[in-house]
2 protein chains.
Amino acid sequence: MGRGHMARRNTNRRVGIADVAEKAGVSHATVSRVMNGNAAVDPGIAARVRAAAAELKYQPNPVGRSLALGKTDTIGIVVPDLANPTFQAILRGLSIAAAQDGYRVLIADSSEVTSEEAILAGEARRRCDGVVLCAPRMADAELEELAPTLHPLVLINRTTIATNTPSLSVDYGQGIQELAQHLVSLGHRRLVFLSGPEHSASNRQRLVGLDQFRAEHPDIELQMLHGGSNFDSGHESTEAIIASGATGVLAFNDLVAMGLLSGLHERGIRVPEDISVTGFDDIPFAKYTTPPLTTAAVPINELGSLAWRRMREQIQQAGETATQAQDEFSPRVEIRKSTAAPALKPAS
Amino acid sequence: MGRGHMARRNTNRRVGIADVAEKAGVSHATVSRVMNGNAAVDPGIAARVRAAAAELKYQPNPVGRSLALGKTDTIGIVVPDLANPTFQAILRGLSIAAAQDGYRVLIADSSEVTSEEAILAGEARRRCDGVVLCAPRMADAELEELAPTLHPLVLINRTTIATNTPSLSVDYGQGIQELAQHLVSLGHRRLVFLSGPEHSASNRQRLVGLDQFRAEHPDIELQMLHGGSNFDSGHESTEAIIASGATGVLAFNDLVAMGLLSGLHERGIRVPEDISVTGFDDIPFAKYTTPPLTTAAVPINELGSLAWRRMREQIQQAGETATQAQDEFSPRVEIRKSTAAPALKPAS
DNA sequence: ACGCTCTGAGAAAACGCTTTCTCATGATTC
DNA sequence: GAATCATGAGAAAGCGTTTTCTCAGAGCGT
């Protein structure tokens, strides 16, 4: 009577290194050597092995390989929401850049549940050689504690006090100031900022940027309005925006701006004749709204690929705890048709 | 002099099952048992093990686990282009649904390089417990040959002759017919289809749908125009569309429609007064174009989560080669503001 | 009090690979 | 021609788990 494990062994077993070794009449070790080209092996034997491997269509099992090598050739990315074009773009840039170096990416979508982020990141890290973390709402303290445990780590739009984890960030403060400046230079005197999620790090940056703007332009009225980060929240803010009496709106991002544009259009308010609207991010769709959206362009594809570069650097350095680059991208104001000089009347 | 491997062993070794075993004064096996709750273990010992594990912050290594278990709790998805909202949405739906069952997703972006798709899918399959394949342009023969080797496989918008791989598809043929019908019922008599990538399976489906439409409406003029699948191709087709003299345009998808909308707007052509435009897919942005886009809505989020359900079924069935569900989604025409009755003049 | 079953824990094999260690063979040198 | 060396292949030890196998000891019936 056949033993259980024997049965298992023979039944539809995937072809492994042992099969190739047997067919070629050599040892496992030799097969491994020719597959990886690590050690010198007699050309004749190598050819025999390769022939056997080809005939059996042998493909090394990556899991076994990972275990032996201690690396998975995979990196993880945790994002708060895969529906957000910004994270989609980062993911895409990262994935393409990593693929070029033979790495894959594993995704973890925290669905905006901040409390899950640390766990997801930890799990991802254990399966991968490194993690790219996008956690705009995670508390600073938690981030600070988490970062060292994730080590080959790249932070997006966050920084830690310890400078040994690279971070890529966008200077939202400067971007929003430039947009405000743009509106002012068109003649606007009453502005409103339609803010994003309250605990979002990038929203805080915009707020400090606007504080500075206020200090430099005491004559300009700048209201604040709470909002969210997506279409619907922009759309829902339509009435409040109209009620604000402002002639220029700084929306949290392009999504919000688009929602607002649509709301204004429904209400018969013309953009930019009656009111000017700016976005932020310059997502691909921003060019195609009606009117095309004035926004602050962040080079998001670059961000993804640079994230990979920083990750690769750390993976290669392995042990050394050098201080890592802190990259900051400056958004560039992209003037389109959603902003114009205000109508004459309300010039106080 | 310390041996190489000893040095390696002591240096910043991650805490493993052995450490926990030692600390708790039991064997590896016992630790594994309590971690997985597989076998009965004395409550006292179990508690001791759990305490040790907690103190050492032990987290089982997933790679070792995968090797022993023969599964990775990960599925792969190969997409032709992560910049396309349709695939983004599928990815998202899949990822969220899979996460609910404790699975992760590994992405492989073929960057529209058809010849890479088979290789990518194979690699993904070896690292994962199954693969979701979106390969709209892969040759039928290649797909037929590839499918069996990928086995726990779910096909998106493709089918194989063998009915043992589940597939989810959208009835593009019906959708485009309904859109055409909608235009006709508004009074349009001269239509033009702005087609997508020539070898795309879903484009072929639209074409057969339109053939059928033609057969049923011999009185309606329906031109064909070659295009692509993104913004820019829609934008570039603006002149050709105008030259066609058609009053109703069926764009390949929403992206193309948006590009076209923008082009028409630049040329001063009013939509829908001068020309009606339809899209396809109902991507989130379609509601927010100006005017909001009439399109055929495909329930894309459902598609992603159903893809996971079909995958899970296969993973659970393991050996059995039952015939698998072939799901087909019917798009629903979503009438917005980009379509209207044509101007009276050209009514022949 | 003896033998029986049953519970539960350790030893060891297995998963599929890489890499070190070891040793045979043939080439090189004086 | 003997001692030395380089070459290259096999044996075996890891990588970190799970799981089977094995067996000690406890509990039970007669």
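In the text below, chain A, chain B and the rest are named by the order of the sequence lines, each starting its count at 1. Scope of the values below: all heavy atoms of this structure, side chains included, with no hydrogens, waters or symmetry mates.
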request  = Return the angle between end axes of the helix from C:dA1-D:dT30 to C:dC30-D:dG1, with five pairs used per end and rounding to 10°.
outcome  = 50°

ask   = Starting at CD of A:Gln59 and ending at P of C:dG16, how long is that distance when rounded to a whole Å?
value = 15 Å

inquiry  = Without decimals, in angstroms, what is the distance between B:Lys71 NZ and D:dG16 C1'?
reply    = 17 Å

remark   = Here the pair of heavy atoms bringing A:Gly25 nearest to A:Arg48 is O-NH2, 3.9 Å

remark   = Quick note, B:Leu69 side chain, CB onward, closest among D:dT17, C:dT19, D:dT19 is D:dT19

request  = Take atom CE of B:Met35 and atom P of D:dG16, then tell me their distance rounded to the nearest Å.
outcome  = 16 Å

request  = State which of C:dA9, C:dC17, D:dT19 makes the closest approach to the side chain of B:Ser32.
outcome  = D:dT19

key: Residues in salt bridge (charged side-chain N to carboxylate O under 4.0 Å, His left out) contact with B:Glu55, at least two apart in sequence or another chain   = B:Lys23

key: A:Ile45 CD1 to D:dG8 P, straight-line distance once rounded to whole Å   = 10 Å

ask   = Nearest 0.5 Å, what's the CG-CD1 distance between B:Leu94 and B:Ile77?
value = 5.0 Å

query = At what distance, to the nearest 0.5 angstrom, does CD of B:Gln314 lie from CZ of B:Arg309?
reply = 13.5 Å

task = Just compare D:dA9, C:dG8, D:dG8 and give me whichever is closest to any side-chain atom of A:Ala40.
result = D:dG8

Minimum-distance pair of heavy atoms, taken over all atoms of A:Cys134 and A:Pro80 = O-CD, 3.4 Å

key: Among A:Val105, A:Leu91, A:Ile96, the one residue meeting side-chain contact (heavy atoms from CB on, under 4.5 Å) with B:Asp109   = A:Ile96

ask   = If you look at every strand shown and take non-hydrogen atoms under 4.0 Å, does B:Val26 touch a base, only sugar-phosphate, or nothing?
value = sugar-phosphate

ask   = How many Å lie between CD1 on B:Ile17 and C1' on C:dG10, as a whole number?
value = 13 Å

key: Of the listed nucleotides D:dT18, C:dT19, C:dC17, the one nearest the side chain of B:Arg65   = D:dT18

ask   = How is A:Thr30 classified with respect to the nucleic acid when contacts are heavy atoms under 4.0 Å: base, sugar-phosphate, or nothing?
value = sugar-phosphate

request  = Whole angstrom is fine here: how far is it from CG in B:Asp73 over to C1' in D:dT18?
outcome  = 14 Å

message = Under 4.0 Å, heavy atoms only, any strand: does A:Ala29 hit a base, just the sugar-phosphate, or nothing?
response = base

key: B:Ser27 side-chain proximity, nearest of D:dG16, C:dG10, C:dT19   = C:dG10

query = With sugar-phosphate meaning primed atoms plus P, OP1 and OP2, does B:Gly16 contact a base, only sugar-phosphate, or nothing at under 4.0 Å between heavy atoms?
reply = sugar-phosphate

Residue B:Ala68, side-chain atoms from C-beta onward, closest of C:dG16, C:dC15, D:dA9 = C:dC15

task = Can you tell me which residue pairs pass the salt bridge (charged side-chain N to carboxylate O under 4.0 Å, His left out) test with a partner in residues 141-164 of chain A, sequence neighbours excluded?
result = A:Asp140-A:Arg158

key: Nearest-Å distance for atom pair CZ/P, residues B:Arg48 and C:dG8   = 15 Å

task = Measure from the side chain of B:Arg33, starting at C-beta and using heavy atoms only, and say which of D:dC15, D:dT17, C:dA9 lies closest.
result = C:dA9

request  = Using a 4.5 Å cut-off on heavy atoms from C-beta on, say whether the side chain of B:Gln88 contacts that of A:Leu82.
outcome  = no

query = To the nearest Å, how far apart are B:Asp42 CG and D:dG27 P?
reply = 12 Å

ask   = If only side-chain N and O atoms of A:Asn36 are considered, is one of them under 4.0 Å from the OP1 or OP2 phosphate oxygen of C:dT18?
value = yes

